[in-house]
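This report refers to the structure that appears directly beneath it.
These numbers come from a predicted model, not from an experiment. Protein chains get the first letters and strands the later ones, always in sequence-line order, with residue 1 at the start of each.
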Amino acid sequence: MPELPEVETVMRGLQACLQGHVIRHAGVHRADLRWKLPRGLAARLTGARVTGFRRRGKYMLMRLDGGTSVLIHLGMSGRIVIGRANAETAPHEHMTLETDDGCRIAFIDPRRFGSIDLVPTEGEDSHKLLAGLGPEPLDRGFTGRLLADELAGRKTSIKAALSDQRVVAGLGNIYVCEALYRAAISPRRIARTVVGERAGRLVEEIKKTLQEAIAAGGSSLRDYVQPDGELGYFQHAWKVYDHAGEPCERCPGAPECRGIRRIVQGGRSTFYCPRMQR
DNA sequence: CTTTAAGCCTGCAGGC
DNA sequence: TGCCTGCAGGCTTAAA
């Protein structure tokens, strides 16, 4: 559920309390996440100074002095909670860090779809999990033309294509649905037919949706909260996601508009307005 | 090459 | 109250 805006928010929270600080203690309490955590993770973290952060798609990279980066993915239910050093242990706390100034960072992930790995900072992007990722949607270089190139030859739906991290990195179910609604494109449209002005419009709406969501601290749904415990509030700005049966704001007074509909594509829920989205 | 399905995992909501 | 079932979905792997 953490998608690009949630990961960006979490990363900024980590940055605020970790950047420039030394990790005085690191504890790994459970190593069987999505994959087995790397041997020596706690040892590598203990005593290291955090020099910087970067996000790539839904992945966070925390750079340590000495040339190692920690690659973190929150999976479906991963959370970071920041507190003080004497805080109580919460359920599903798989890794904890304590800084030189008494900040305690807990990685919590009930479903354990998340992952943590170590990667040399030089060549971070060659890591197996990052190597195949598509362009960053908020980069200047992510244009309608580039997206249309990515979609060329794809016979699957635009919904499935945008959810594919090799096409564009960082979108998940919620933001794909919202961006397609804003761009008035049907999620059922064949991906390779999204070209020209339509692709340009879609890129514009993807960027705007993500930027607004980041500004709102992400969307809080079930597990997700910001590292300081605050709720994100972009879920109040959703126009279609989880709004099945409600009227479509874009079809005011149109009698043939039956409102927001939920369909299943590739086993996932899609929400859209069949009248307005083409 | 692209596309599809299964499996991983736990918490929660809804039905009875 | 409590049990059962289905759903949530990012990602990889294997198969078509």
With respect to the phosphate group of C:dA8, does any side-chain polar atom (N or O) of A:S269 fall under 4.0 Å of OP1 or OP2?
yes

Tested for salt bridge (charged side-chain N to carboxylate O under 4.0 Å, His left out) against A:E136, the lone hit among A:R54, A:R55, A:K207 is A:R55

Hey, is A:D117 close enough to A:K128 for a salt bridge, meaning N to O under 4.0 Å?
no

Counting only side-chain nitrogens and oxygens, does A:K128 get under 4.0 Å of the OP1 or OP2 atom of C:dT12?
no

Phosphate contact (C:dG10 OP1 or OP2) by A:Q165 side-chain N/O below 4.0 Å
no

Divergence of helical axes at both termini of the helix from B:dT2-C:dA16 to B:dC16-C:dG2 - five pairs an end, 10° steps:
40°

Out of C:dG10, B:dT10, C:dG9, which has the shortest distance to the side chain of A:R112?
B:dT10

A:E204 side chain reached by A:I206 side chain, heavy atoms, under 4.5 Å
no

In this structure, which one of A:R268, A:K159, A:E3 forms a side chain to side chain donor-acceptor pair (under 3.5 Å) with A:N173?
A:K159

Could you tell me the separation between the CE atom of A:M76 and the P atom of C:dT12, rounded to a whole number of Å?
14 Å

Answer with yes or no whether the side chains of A:Y59 and A:Q165 bring together a donor and an acceptor at under 3.5 Å.
no

When the nearest nucleotide of DNA chain B is assigned to A:F113 and to A:A152 on a heavy-atom basis, which residue is associated with the more 5' position?
A:A152

Expressed in angstrom and rounded to an integer, what is the separation of A:I158 atom CD1 from B:dT3 atom C1'?
15 Å

Of all the choices, B:dT3, B:dC8, C:dC11, which nucleotide is nearest to the side chain of A:K155 once you look at every atom?
B:dT3

Does a nitrogen or oxygen in the side chain of A:H92 sit under 4.0 Å from OP1 or OP2 of B:dG11?
yes

Could A:R201 and A:E205 be called an ion pair, given the rule that one side-chain N must be under 4.0 Å from one carboxylate O?
yes

Could you tell me whether A:S115 contacts a base, only the sugar-phosphate backbone, or nothing, with contacts defined as non-hydrogen atoms closer than 4.0 Å?
nothing

Taking atom P of B:dC9 as reference, at what distance in whole Å does atom CZ of A:R79 sit?
20 Å

Could you tell me the separation between the CZ atom of A:R111 and the C1' atom of C:dC7, rounded to a whole number of Å?
10 Å

Closest non-hydrogen atom pair between A:F107 and A:L74, with its separation
CE1-CD2, 3.8 Å

Would one find a side-chain N or O of A:R154 under 4.0 angstrom from OP1 or OP2 of B:dT3?
yes

A:D109 CG to C:dC11 P: how many Å, rounded?
13 Å

What is the distance, rounded to the nearest whole Å, between atom CZ of A:R34 and atom P of C:dT12?
7 Å

A:R268 side chain N/O closer than 4.0 Å to the phosphate oxygens (OP1, OP2) of B:dT4?
no

Side chains of A:S269 and A:R262: is there a donor and an acceptor less than 3.5 Å apart?
yes

Touch class at under 4.0 angstrom, heavy-atom based, for A:R30 against every strand present
nothing

Select one nucleotide: of B:dC8, C:dT12, C:dA8, the one nearest the side-chain heavy atoms of A:L129.
C:dT12

